[in-house]
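Step one of this worksheet: look at the structure below.
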Amino acid sequence: MAQAPQPNPAHESTGAIVKRKAKKILKWIVALIIMALIIFFYMKYFYTYSDGYRAGLLQKFSRKGTVFKTFEGELILSSITSSSSTVIASEKFYFSVKSDSLAAQFDTLQGRSVIVHYRQKNSPAFWRGDSPYIVDGVKPR
């Protein structure tokens, strides 16, 4: 019985070579797309763009959300005060809180002046809150 001839890689058809190279290129393209998506999501939702402190009057603090319940707060940052210590111009600082123990501290500080430490993300994430500002510390002023 005669054996069937074994394919010789040196005599491989050009169509097979092109297919093999196309598969290799496609795998690299898919790997690069996946890496780009991972980097994009990290930079958008997890990378800390800035951090710092804000001081103001804690006007509102609540737990809200339809599926993901998050703690949301609002500070009034006074910009200009008159000679009688009345605030003339102010802006609001909206923030989210992830920690339950920190949220309990905020519940006791409503209506008081506080200093908060925050981390600013590039975008808010639905599981983390409505604001890109995540507060991770608070103390009364």
Exercise. So does D136 pair up with K98, basic N to acidic O under 4.0 Å?
Worked result: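 Looking at K98 together with D136, the answer is no, because their closest N to O distance does not fall below 4.0 Å.
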Problem set entry | E74/K92 ion pair, N-O < 4.0 Å |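 So E74 pairs with K92 through a salt bridge.
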Problem set entry | Backbone of G65 reached by a side-chain donor or acceptor of K69 within 3.5 Å |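 Looks like yes, one N/O pair under 3.5 Å.
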Exercise. Is the backbone N or O of L57 less than 3.5 Å from a side-chain atom of S113, with the two atoms forming a donor-acceptor pair by type?
Worked result: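 Looks like no, no N/O pair under 3.5 Å.
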Any idea which heavy atoms bring [X] and [Y] closest together, and the distance?
X: S131; Y: S96; answer: N-OG, 3.4 Å
X: D51; Y: H117; answer: OD2-NE2, 3.6 Å
X: V114; Y: L58; answer: CG2-CB, 4.2 Å
X: V138; Y: Q105; answer: CG1-OE1, 3.2 Å

Can you measure from [atom1] ([X]) to [atom2] ([Y]) and round to the nearest 0.5 angstrom?
X: T14; Y: K21; atom1: OG1; atom2: NZ; result: 11.0 Å
X: I38; Y: I33; atom1: CD1; atom2: CD1; result: 12.5 Å
X: E72; Y: D130; atom1: CD; atom2: CG; result: 4.0 Å
X: L32; Y: K27; atom1: CG; atom2: NZ; result: 14.5 Å
X: W127; Y: T70; atom1: CH2; atom2: OG1; result: 12.5 Å
X: F71; Y: D100; atom1: CZ; atom2: CG; result: 5.0 Å

For this session: Check whether the ring centres of Y118 and Y53 lie less than 6.0 Å apart, and answer yes or no.
Result: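 Y118 vs Y53: aromatic centres not under 6.0 Å.
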For this session: Could you tell me whether F68 and F126 have their ring centroids closer than 6.0 angstrom?
Result: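 Close enough - the centres of the two rings lie under 6.0 Å apart.
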Problem set entry | Heavy-atom check, side chain of S123 versus side chain of P132, under 4.5 Å |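 They are not in side-chain contact.
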For this session: Return each pair, listed once, that meets ring-ring contact (aromatic ring centres under 6.0 Å, His included) where at least one residue sits in residues 97-116; pairs must be two or more places apart or across chains.
Result: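 Passing the test, one end in residues 97-116: F61-F106, F95-F106.
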For this session: Kindly determine whether T48 and K121 satisfy side-chain hydrogen bond (donor to acceptor under 3.5 Å, both in side chains), including the steps that lead there.
Result: CA-CA 5 Å; T48 299; K121 304 298 182 179; 2.8 Å; yes
Problem set entry | Cation-pi, Y133 ring and R119 (6.0 angstrom, 45 degrees) |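 Output no; distance or angle outside limits.
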